Protein chains: 2
Amino acid sequence: MHQTLSPFDISRIRGLAPAQERAGAEKESPCGACSVRHLTFCAPLGEEELNHVTRIVQNVELHPGDPLFDEGEEATNIYSVTAGAMKVYKLLPDGRRQIIGFLFSGDFLGLADDEVYAYSAEAIIHSTLCRFPRRKLEALLERYPRMERRLLGMASHELAAAQEQMLLLGRKTAREKIASFLLLLGQRAAQRGQTANPVSVPMSRNDIGDYLGLTTETVSRTFTQLRQGKLIALLPAGRVDLLDVEALREIAEGN
Amino acid sequence: MHQTLSPFDISRIRGLAPAQERAGAEKESPCGACSVRHLTFCAPLGEEELNHVTRIVQNVELHPGDPLFDEGEEATNIYSVTAGAMKVYKLLPDGRRQIIGFLFSGDFLGLADDEVYAYSAEAIIHSTLCRFPRRKLEALLERYPRMERRLLGMASHELAAAQEQMLLLGRKTAREKIASFLLLLGQRAAQRGQTANPVSVPMSRNDIGDYLGLTTETVSRTFTQLRQGKLIALLPAGRVDLLDVEALREIAEGN
DNA sequence: GCGACCGTTTGACGTAGGTCAAGGCCGGCG
DNA sequence: CGCCGGCCTTGACCTACGTCAAACGGTCGC
């Protein structure tokens with residue numbers, strides 16, 4: 001089930017690493033403080049409170065294909081991605097897989113309304129995360145209720161994204177799905193301060209398929225179809241040049 | 001775009017009304033207090049606080065096909081369904097529709113992370129709702145931060161449901177989708193204290209299709225296929241008897 | 001530097017579910 | 001009371017996408 005390290009992914013890591021290391025270096029701590037600051041963005045804490053929060057976090061480092069946790073496991077931690085890319089997915093007993101989302105630096109995962117994780121999480125490329133023990137986080141929430149507002153905002157945001165994805169999965173064609181996906185990746189990269197146009201696509205065709213409700217082959221075929229239509233260009237190291245963003249947007253919206 | 005009152009729906013309203021009127025009568029207020037109590041369930045407020053919250057709510061009454069709000073409209077209110085059934089959906093420009101969810105008494109809608117609603121909402125059957133002006137609710141959250149935990153819990157719960165729905169939309173067959181849907185309706189009815197086995201299905205085949213990423217025809221065909229396999233029986237007034245829940249569960253999980 | 005492995009691409013073909021069209025059913029209204 | 005307009009059902013047919021299979025190409029280990 002676990003993907004082994006692939007040459008293709010390695011090349012992508014090299015391609016991505018500089019920008020992300022730089023992003024990480026701008027924060028003074030290797031891990032905690034930046035995530036904590038992120039978590040409390042909308043509700044700045046005092047210095048003492050910040051230290052209190054920072055103290056409970058730990059670093060996690062994952063290589064491509066490494067699992068972080070599995071669906072059904074006891075949800076003991078919440079994580080924040082500080083660098084790299086993760087995928088979270090659900091499985092059916094016969095192995096069919098639906099990727100629920102891809103996570104990049106700044107994203108959180110592990111928020112469960114139950115006592116167990118509702119999905120599995122795995123690294124796509126070399127990634128570092130920040131671990132918050134759930135128990136301790138809950139105690140902190142009790143103490144600093146403003147953090148709850150921040151979590152609520154993140155959950156609402158994720159919910160809206162999930163609803164948009166439902167529209168995609170239920171009602172869009174393969175072509176529309178791929179166009180939407182590429183634009184989404186670009187948009188999210190821009191939010192992270194990365195380059196949005198030659199967009200970095202670090203995940204495999206298979207992963208893309210499992211995210212969009214398609215097969216590897218259909219994803220591949222649709223990419224070549226868009227390439228032949230001069231809408232995109234496939235660059236080395238898993239980058240995709242969006243040659244005609246406006247046309248892609250038209251396609252993505254179903255026109 | 002708005003559905004007009006259909007005879008079929010009328011019959012269902014009559015079927016549903018008694019139970020729901022009773023449920024409403026158990027609370028002392030026609031509207032506010034029960035919703036407020038619901039909202040603060042995990043963080044009980046004192047009498048004075050409760051009154052404070054109750055004061056800001058208003059009743060809304062909708063008939064089948066009545067819109068509550070549209071996607072893109074300024075999100076000025078948050079609602080709680082006190083009786084009836086609503087559908088919330090997103091549209092593509094060409095009219096393709098994805099129903100994001102069905103809401104029953106006790107459910108909330110209108111939580112938007114943006115300033116505008118991310119979806120449209122419409123009544124399926126005669127429904128009553130409780131309106132919370134968003135501005136005032138935000139002021140209350142500032143004052144009673146425990147309510148935020150409740151909202152966070154609801155958002156997390158919805159998120160988990162949305163993720164389950166993504167798995168359904170992306171990876172399940174028509175048969176599996178319908179089986180999952182019927183079981184879900186039953187489960188949700190049970191949570192509301194209604195009968196879970198002859199489950200009430202107040203929405204049209206078309207709505208079910210738009211919820212499951214299918215067409216009316218496929219929904220209909222799949223129902224008859226399940227009926228012929230003695231897994232369900234179609235009762236009058238839009239009720240469905242789940243004759244073999246265990247088999248349905250097997251199908252829903254993809255076995 | 002060569003072979004093997006994986007992911008990707010491409011092709012030929014199959015099928016689940018969509019489309020189009022025609023009846024059937026039922027409640028409401030004239 | 002009988003027509004009318006929804007929705008639902010069923011049938012015949014079509015197609016987008018899945019399946020199966022083969023070839024390709026980059027990377028890494030040897």
Side-chain angles (χ1 to χ4, degrees), chain A residues 1-15 63-65 94-97 124-125 169-178 201-210 212-228 232 234-240 254, chain B residues 1-15 64-65 94-97 124-125 168-178 201-210 212-228 232 234-240 254:
Chain A
M1 187 67 59
H2 298 148
Q3 288 180 283
T4 53
L5 188 75
S6 97
F8 206 36
D9 278 340
I10 283 289
S11 78
R12 288 204 197 91
I13 294 169
R14 296 214 180 104
H63 292 277
D94 66 358
R96 276 175 286 171
R97 187 178 67 155
I124 292 173
I125 56 174
L169 288 169
R171 289 302 179 212
K172 289 188 182 177
T173 65
R175 198 179 156 82
E176 291 162 0
K177 286 175 176 181
I178 295 288
V201 181
M203 61 292 287
S204 71
R205 297 287 183 264
N206 194 15
D207 283 348
I208 298 173
D210 282 350
L212 301 176
L214 301 170
T215 58
T216 309
E217 294 93 330
T218 300
V219 172
S220 184
R221 272 187 257 268
T222 308
F223 267 105
T224 67
Q225 186 198 322
L226 291 175
R227 177 164 48 76
Q228 286 167 352
I232 62 172
L234 300 178
L235 308 180
R239 295 174 82 82
V240 177
Chain B
M1 187 67 59
H2 300 147
Q3 287 180 285
T4 54
L5 189 74
S6 96
F8 205 35
D9 279 340
I10 284 288
S11 77
R12 289 203 196 92
I13 295 169
R14 296 214 181 104
D94 66 358
R96 276 175 287 170
R97 186 178 65 155
I124 293 173
I125 56 174
L168 179 148
L169 289 168
R171 290 302 181 211
K172 289 188 182 177
T173 66
R175 198 177 156 83
E176 291 162 0
K177 286 176 176 180
I178 296 288
V201 182
M203 61 292 288
S204 70
R205 297 287 184 263
N206 194 15
D207 284 348
I208 298 174
D210 281 349
L212 300 176
L214 300 171
T215 58
T216 311
E217 293 93 330
T218 300
V219 173
S220 184
R221 272 187 258 268
T222 308
F223 268 105
T224 66
Q225 185 198 324
L226 291 174
R227 177 166 48 75
Q228 286 167 352
I232 62 172
L234 300 178
L235 308 179
R239 296 174 80 82
V240 177

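Order of the sequence lines fixes the chain letters, A, B, ..., with proteins taken first and strands second; residue numbering starts at 1 for each chain. Only heavy atoms go into these numbers, but all of them, side chains included; no hydrogens, no water, no symmetry mates. Quick caveat: nothing in here was measured; it's all calculated off a predicted structure.
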Taken to the nearest whole Å, NZ/B/K172 to P/D/dG18 is 18 Å
Assign A/G209 to base, sugar-phosphate, or nothing according to its heavy-atom contacts below 4.0 angstrom with the strands shown.
-> nothing
Atom-to-atom span, CZ of B/R205 to P of D/dT10 - whole angstrom = 10 Å
Those residues at least two apart in sequence (or on a different chain) that pass side-chain hydrogen bond (donor to acceptor under 3.5 Å, both in side chains) with A/K172 are A/S180
Quick one: B/K177 NZ to C/dA16 P, roughly how many Å, whole number?
-> 14 Å
Residues in salt bridge (charged side-chain N to carboxylate O under 4.0 Å, His left out) contact with A/R96, at least two apart in sequence or another chain = A/D94, B/E176
Rounded to whole angstroms, how far apart are CD on A/Q228 and P on C/dT10?
-> 7 Å
Set of residues satisfying side-chain hydrogen bond (donor to acceptor under 3.5 Å, both in side chains) with respect to A/T216, sequence neighbours excluded = A/N206
Closest non-hydrogen atom pair between A/P202 and A/I125, with its separation | CB-CG2, 4.1 Å
Among the candidates C/dT8, C/dG17, D/dC7, find the nucleotide nearest to the side-chain atoms of A/S204.
-> C/dT8
What is the distance from CG of A/L235 to P of D/dG26, rounded to the nearest Å?
-> 15 Å
When you look at A/D207 and A/R97, which way does the side chain to side chain contact (heavy atoms under 4.5 Å, CB included) test go after all the steps?
-> CA-CA 9 Å; A/D207 283 348; A/R97 187 178 67 155; 2.7 Å; yes
When the distance from CD of A/Q225 to P of C/dG11 is rounded to whole Å, what number comes out?
-> 13 Å
Identify each atom pair where a protein N or O and an N or O of nucleotides 22-25 of chain C are less than 3.5 Å apart, giving names and distance.
none

Strand-adjacent residues in residues 215-224 of chain A, judged by heavy atoms under 4.0 Å from DNA chain D = A/T215, A/E217, A/T218, A/R221
Work out how much the helix from C/dG1-D/dC30 to C/dG30-D/dC1 bends between its end axes, five pairs an end, to the nearest 10 degrees.
-> 30°
Write down the atom of B/L168, the atom of B/K177, and the distance for their closest heavy-atom approach.
-> O-CE, 3.4 Å
Contacts of type side-chain hydrogen bond (donor to acceptor under 3.5 Å, both in side chains), residue B/R171, not counting sequence neighbours = A/D210
Only counting residues at least two apart or in another chain, list the ones meeting side-chain contact (heavy atoms from CB on, under 4.5 Å) with B/T218.
-> B/A174, B/L214, B/T215, B/T222
Base, sugar-phosphate, or nothing for A/L234, non-hydrogen atoms under 4.0 angstrom?
-> sugar-phosphate
Under the salt bridge (charged side-chain N to carboxylate O under 4.0 Å, His left out) rule, collect the residues that match up with A/R221, sequence neighbours excluded.
-> none
Do A/V240 and A/L234 have side chains that get closer than 4.5 Å, going by heavy atoms?
-> yes
Can you tell me the distance, in whole Å, between the CG atom of B/D207 and the C1' atom of D/dG6?
-> 14 Å
How close or far is atom P of C/dT19 from atom CG of B/N206, stated in whole angstroms?
-> 12 Å
